[in-house]
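Worksheet: the structure to be examined is printed underneath.
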Amino acid sequence: MKIEKYIYSAAALLLMIVYTSPVLSQSRVTERLYLSTDRSSYIAGEDLWISGYCLDVTNSVKLSPLSSVAYIELHNVSSVVLTAKILLVNGRGSGHINLPPNLPTGNYRVVAYTKYMLNEESPNLFVKDISIYNVLSNEKVPGNVVVEETDNTTRQNEADQTPRIGGSPHQSIAGASNLSPVEIKFGVGGRVVPANSSFPIKLVNNGSDLITANISVVKIDSLSALSGSSFHKYATPINGKTPVMTDKYIPEFEGEIIYGRVNHESDLSLEDKVVFLSAVGRGSDIYSSFIDNNGSFKFFTNSIFGEREIVLQIPNSDSNSLFTYEIFDPFVRSKNGDIPKLILTKRIESTLNERGIEMQIGRRFGVDTLYERIPVDKDPLLKKNPIVYKLDDYTRFPVMSEVVIEYVPELRFRRLDGIRDLQMRLEEGFNLLSFSRANTLVLIDGIPIFDHNKLYNYDPLKVKTLSIYPSQYFIGISSFDGVASFQTYKGDYPGLTFSKNVRILDFQGLLYPTKTVASKLPEIKNFPDMRSLLYWDPQMELAPSVNPEFFIHTSSLPGTYRITIEGISSKGDVIEFYTEFTVK
């Protein structure tokens with residue numbers, strides 16, 4: 001274990017040298033983050049859909065492969081009301097945030113950044129203002145809403161009605177004046193389509209460069225919106241004007257770095273002790289780290305998705321000591337300027353009624369069943385195909401030892417120095433077989449069980465499957481000879497008990513990359529379809545001369561709808577395209 005510690009320290013030292021060297025720091029990248037959203041005005045209770053672009057703007061504009069996590073904050077005039085994180089893979093990421101139904105009416109500010117961006121002496125964070133209306137309550141953000149009885153005011157700036165860069169409908173824009181290579185071809189005659197129907201459209205990339213983009217199809221309405229953020233503002237190269245950089249934050253190359261601290265009541269030093277973090281559920285979100293002389297630790301993760309329970313534990317620690325763990329807040333939560341006031345007039349009343357009904361129907365009838373997750377590689381540890389035992393396929397035994405003895409030849413229970421040990425059969429060179437000794441990693445619903453006596457006494461009738469990985473695995477600074485993963489029916493570790501130095505905490509993981517294209521809608525009967533957002537694909541790639549076709553499923557809401565494409569080419573040209581059609 002000491003040797004592993006030295007290897008870990010050497011790697012950390014090398015990383016520190018790379019990012020503090022005066023010579024190498026001159027070649028650092030400069031990142032900028034841009035978030036595209038499905039629209040700019042929302043009803044409390046709706047979803048805020050996000051497409052993220054992390055850009056390297058050092059000398060030109062290109063997607064940055066450096067950071068793997070983007071941090072998002074939603075502010076009102078006085079505080080942060082919610083936070084989120086999205087995964088970035090080669091500069092692209094996505095997710096959706098459900099806006100709580102109790103958010104008061106007002107203007108809000110979306111602030112986003114990567115940890116690497118925070119190393120700039122004056123960080124240039126992404127900022128976008130949005131309007132949120134609460135149709136279920138009269139509560140308003142204090143000091144941020146103005147109610148006008150007359151309706152003779154000029155609209156603030158209807159980003160949902162008017163393109164951010166001027167022009168007539170069907171115009172394509174790249175940069176300030178160059179025409180975009182993107183166009184849309186309708187698979188129906190004209191631009192008038194019936195309600196509750198489906199029609200194809202084809203995206204055409206007439207250029208010679210790969211384009212990564214997002215596409216939205218949204219009904220145009222009368223809700224006021226604040227001026228949108230310009231993609232061009234964040235996609236502008238700095239051309240040698242490198243900002244002053246610090247080394248406060250380690251770049252998150254592979255996933256979120258989770259920082260924390262452990263405290264205990266005894267005088268026993270925890271320095272050099274190994275602490276484990278695991279996320280409850282399916283998969284293998286397991287990480288280990290050393291504790292320093294201040295009781296602090298950090299886990300280099302591959303990113304944990306969703307709202308999860310995490311388990312923190314120090315194996316072989318003093319069971320009489322009471323440990324408390326703290327996970328540090330990863331968000332900056334700093335105010336970024338004043339938020340403009342929201343002006344309410346009677347002009348938007350009908351739209352609020354319509355969108356309010358849509359929101360309530362969507363929450364009541366499960367519009368989220370139309371969402372589709374974008375696949376991600378979220379289990380980098382256990383990639384190999386395991387030996388799987390579905391326990392319902394065998395005679396059920398009341399004790400775990402009988403299960404292992406009767407039909408799992410890869411495992412055996414033995415006693416070592418009076419301690420029960422689950423050993424795994426390993427195949428070595430020349431087909432030689434051996435068993436691990438006190439070094440098998442046992443998991444129950446993703447939670448490491450270092451006291452194998454707990455597994456020995458665990459009720460096998462609660463276990464659905466057993467997966468065996470008979471190889472050596474490295475988890476952070478620790479290594480194991482094989483993994484035995486026990487999965488219960490619901491993944492909630494029923495009946496499992498822990499020693500008092502183990503803590504279970506709630507953890508906010510990354511948003512799942514998601515899109516809503518309503519492809520399953522034709523299969524759903526009697527669905528009260530009042531969607532104003534017909535289509536949202538946050539991560540779409542358009543290769544040259546490849547014309548993908550997809551279907552748009554209209555709802556029962558008549559009106560004018562806008563198709564918007566926003567993205568960037570492999571040469572760094574910003575793509576903005578829109579066109580409209582009518583539903584009758």
Side-chain angles (χ1 to χ4, degrees), residues 1-2 4-5 8 255-302 304 307-328 381-382 416 419-422 436 438-458 473-488 491-509:
M1 192 65 72
K2 283 289 185 181
E4 292 173 342
K5 177 180 184 293
Y8 169 78
E256 181 181 2
I257 303 175
I258 300 174
Y259 296 84
R261 180 172 52 232
V262 58
N263 300 300
H264 61 101
E265 297 176 347
S266 71
D267 295 330
L268 179 68
S269 173
L270 294 179
E271 185 177 1
D272 291 344
K273 291 284 188 181
V274 179
V275 58
F276 279 82
L277 179 150
S278 58
V280 177
R282 304 179 187 279
S284 56
D285 287 317
I286 312 162
Y287 308 96
S288 67
S289 175
F290 276 108
I291 302 172
D292 66 18
N293 57 358
N294 295 317
S296 299
F297 53 77
K298 53 180 172 286
F299 295 100
F300 293 83
T301 77
N302 290 289
I304 298 171
E307 301 294 326
R308 305 281 290 278
E309 286 182 327
I310 59 171
V311 178
L312 290 159
Q313 55 184 312
I314 303 173
N316 306 318
S317 57
D318 183 3
S319 60
N320 294 319
S321 297
L322 180 60
F323 295 161
T324 59
Y325 299 89
E326 177 186 4
I327 297 297
F328 299 154
L381 176 64
L382 302 179
L416 294 176
I419 299 175
R420 189 168 278 112
D421 179 40
L422 181 68
S436 63
N439 200 32
T440 299
L441 178 62
V442 174
L443 305 175
I444 295 181
D445 290 337
I447 303 173
I449 307 300
F450 298 104
D451 180 0
H452 292 179
N453 196 59
K454 291 183 180 294
L455 175 68
Y456 187 85
N457 295 320
Y458 195 71
Y473 287 88
F474 294 88
I475 300 176
I477 58 176
S478 305
S479 64
F480 296 93
D481 294 328
V483 179
S485 177
F486 295 79
Q487 192 71 46
T488 66
D492 56 357
Y493 54 95
L496 185 62
T497 59
F498 301 94
S499 59
K500 67 178 184 178
N501 59 23
V502 176
R503 288 293 176 271
I504 302 175
L505 306 175
D506 292 329
F507 181 78
Q508 178 186 15

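Sequential numbering from 1 along the given sequence is applied to the chain's residues. It should be emphasised that the depicted structure is a prediction, and the values quoted were computed from it without experimental measurement.
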Any donor-acceptor pair under 3.5 Å linking the side chain of Thr440 with the backbone of Gly482? no

Roughly how far, to the nearest 0.5 Å, is the CG atom of Asn293 from the CG atom of Leu270? 11.5 Å

From Lys454 atom NZ to Leu422 atom CG, the distance as rounded to the nearest 0.5 Å: 15.5 Å

Between Asn453 (side chain only) and Arg420 (backbone N and O only), is there a donor and an acceptor less than 3.5 Å apart? no

Are any of the side-chain heavy atoms of Ile304 and Phe507 separated by less than 4.5 Å? yes

Expected output: side-chain Asp445 to main-chain Asp492 donor-acceptor under 3.5 Å: yes

Using a 3.5 Å distance criterion without hydrogens, assess whether the side chain of Ser284 forms a donor-acceptor pair with backbone atoms of Ile286. no

Phe498 side chain reached by Ile447 side chain, heavy atoms, under 4.5 Å: yes

Approximate separation, where rounding is to 0.5 Å, of Phe290 CZ and Ser478 OG: 7.0 Å

Interatomic spacing from CG in Asp506 to CD1 in Ile327 - rounded to 0.5 Å: 12.0 Å

Testing the basics here: between Ser278 and Pro448, what is the closest heavy-atom pair and its distance to 0.1 Å? OG-CD, 3.1 Å

Could you tell me how the ring of Phe450 sits relative to the ring of Phe276: parallel (under 30°), tilted (30 to 60°) or perpendicular (over 60°)? tilted

Report the C-alpha separation of Phe486 and Leu455 in whole Å, then their side-chain angles, then the decisive distance to 0.1 Å, and conclude whether the side chain to side chain contact (heavy atoms under 4.5 Å, CB included) test is met. CA-CA 9 Å; Phe486 295 79; Leu455 175 68; 3.7 Å; yes

Non-hydrogen side-chain atoms of Leu496 and Thr488 separated by less than 4.5 Å: no

Is there side-chain contact between Tyr493 and Ile449, with heavy atoms separated by less than 4.5 Å? no

Is any side-chain heavy atom of Lys273 closer than 4.5 Å to a side-chain heavy atom of Val262? no

Taking the side chain from Ser289 and the backbone from Phe299, do they hold a donor-acceptor pair closer than 3.5 Å? no

Going from CZ on Phe300 to CD1 on Ile257, what distance comes out if it is rounded to the nearest 0.5 angstrom? 4.5 Å

Residues Asn294, Ser296; criterion side chain to side chain donor-acceptor pair (under 3.5 Å); working and verdict: CA-CA 5 Å; Asn294 295 317; Ser296 299; 5.4 Å; no

Short side-chain to backbone donor-acceptor contact, Glu326 and Asn263, under 3.5 Å: no

side-chain hydrogen bond (donor to acceptor under 3.5 Å, both in side chains) partners of Thr301, counting only residues at least two apart: none

Using 0.5 Å steps for rounding, measure from the CG atom of Asp292 to the CZ atom of Arg261. 10.0 Å

For Ile314, which of Ile291, Asn501, Val274 qualifies under side chain to side chain contact (heavy atoms under 4.5 Å, CB included)? Ile291

Are Val502 and Val311 packed together at the side-chain level, in the sense that at least one heavy-atom pair is separated by less than 4.5 angstrom? yes

Between the main-chain N or O of Gly495 and the side-chain N or O of Tyr458, is there a donor-acceptor pair closer than 3.5 Å? no

Establish, for the pair Arg503 and Tyr325, whether the NZ or CZ atom is under 6.0 angstrom from the six-membered ring centre and no further than 45 degrees off its axis. no

